[in-house]
Amino acid sequence: MEFNDFVAVLAQWFEARTTTPLDCWIDDANARLAFVEGGIRCSIDVLDPYDASAPERLQGILGQGAVCVACHCDGALAIDPDTQCLVLVHWLASPCTCGHVVGLLQSLANQREALLSLMHKTSFALAPGQPRSVLPTWHPGV
């Protein structure tokens, strides 16, 4: 779907104020928007249920969670109760605009890519059996 088409669908969803969440794909990941408690909950999948059940992948992502806090990233890591996926989630208070949501989705997608990149770098750089550690330096793209 073209970006302009996505913004048009998002605007229709905003106007309808439906209780049905809006699911879309961004960079090969499911993003979900839902009206919750006077605002909009935005989330993007980081690990699907299969990958989230793999201890080395889950530890790899959680080991990079401090990077998100240090960089003042938008999303917090959570388990989606419906899909059992590990997600980055952020809640926007109303009133907000389509522009706010699009900007937040872009930020969450960038944060997701940085987390996955760091996870792969740390997971595959270590030989099997070596303990995993948090990287002691800043990394580009985070």
Side-chain angles (χ1 to χ4, degrees), residues 1-126 128 130-142:
M1 174 183 299
E2 294 293 323
F3 180 74
N4 290 339
D5 295 334
F6 171 71
V7 173
V9 168
L10 182 61
Q12 289 174 349
W13 180 78
F14 250 85
E15 289 175 21
R17 294 269 180 197
T18 179
T19 58
T20 304
L22 177 65
D23 287 306
C24 52
W25 285 93
I26 299 171
D27 294 336
D28 298 325
N30 185 54
R32 177 174 272 203
L33 305 172
F35 288 103
V36 176
E37 299 179 12
I40 298 176
R41 182 182 62 219
C42 303
S43 66
I44 189 166
D45 293 355
V46 177
L47 296 176
D48 62 33
Y50 176 77
D51 286 336
S53 68
E56 66 279 353
R57 290 186 183 267
L58 188 57
Q59 286 175 337
I61 289 292
L62 293 178
Q64 304 307 327
V67 173
C68 297
V69 174
C71 295
H72 302 288
C73 293
D74 292 316
L77 290 169
I79 299 290
D80 185 299
D82 297 327
T83 64
Q84 298 303 306
C85 292
L86 181 69
V87 297
L88 284 167
V89 64
H90 187 84
W91 182 79
L92 286 172
S94 289
C96 58
T97 65
C98 285
H100 289 120
V101 174
V102 169
L104 179 62
L105 288 172
Q106 181 179 16
S107 177
L108 290 176
N110 290 340
Q111 184 179 348
R112 173 188 179 271
E113 290 302 317
L115 280 170
L116 290 174
S117 175
L118 286 171
M119 179 196 72
H120 287 293
K121 186 173 184 174
T122 58
S123 294
F124 299 116
L126 296 172
Q130 287 185 331
R132 302 201 191 290
S133 62
V134 175
L135 299 174
T137 59
W138 290 100
H139 294 273
V142 178

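Residues take their numbers from the sequence shown, with the count starting at 1. Atom set for the values below is all heavy atoms of this structure, side chains included, hydrogens, waters and symmetry mates excluded.
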Which heavy atom in [X] sits nearest to a heavy atom in [Y], and how many Å separate them?
| X | Y | value |
| --- | --- | --- |
| Cys42 | Leu104 | SG-CD2, 3.6 Å |
| Thr20 | Trp13 | O-NE1, 3.1 Å |
| Val102 | Leu10 | CG2-CD2, 3.7 Å |

* Asked: Do Val101 and Ile40 come close enough that some side-chain heavy atom pair is under 4.5 Å?
  -> yes

* Does some side-chain heavy atom of Phe35 sit less than 4.5 Å from a side-chain heavy atom of Leu22? -> no

What donor-acceptor contacts under 3.5 angstrom involve side-chain atoms of residues 83-97, with partners at least two apart or in another chain?
residue : atom : partner : partner atom : Å
Thr83   : OG1  : Cys85   : N            : 3.3
Gln84   : NE2  : Pro81   : O            : 2.9
His90   : ND1  : Asp74   : O            : 2.8
Trp91   : NE1  : Val36   : O            : 2.9
Ser94   : OG   : Gly38   : O            : 3.0
Thr97   : OG1  : Gly99   : N            : 3.3
Thr97   : OG1  : His100  : N            : 3.2
Thr97   : OG1  : His100  : ND1          : 3.0

* Asked: Is a side-chain donor or acceptor of Asp48 paired with a backbone partner of Tyr50 at a separation under 3.5 angstrom?
  -> yes

Enter the distance from [X]:[atom1] to [Y]:[atom2] here, rounded to the nearest 0.5 Å.
| X | Y | atom1 | atom2 | value |
| --- | --- | --- | --- | --- |
| Arg112 | Leu47 | CZ | CG | 8.5 Å |
| Ile26 | Leu108 | CD1 | CG | 8.5 Å |
| Trp25 | Asp45 | CH2 | CG | 6.5 Å |

* Does the distance from a Lys or Arg side-chain N to an Asp or Glu carboxylate O, for Arg32 and Asp82, drop under 4.0 Å? -> yes

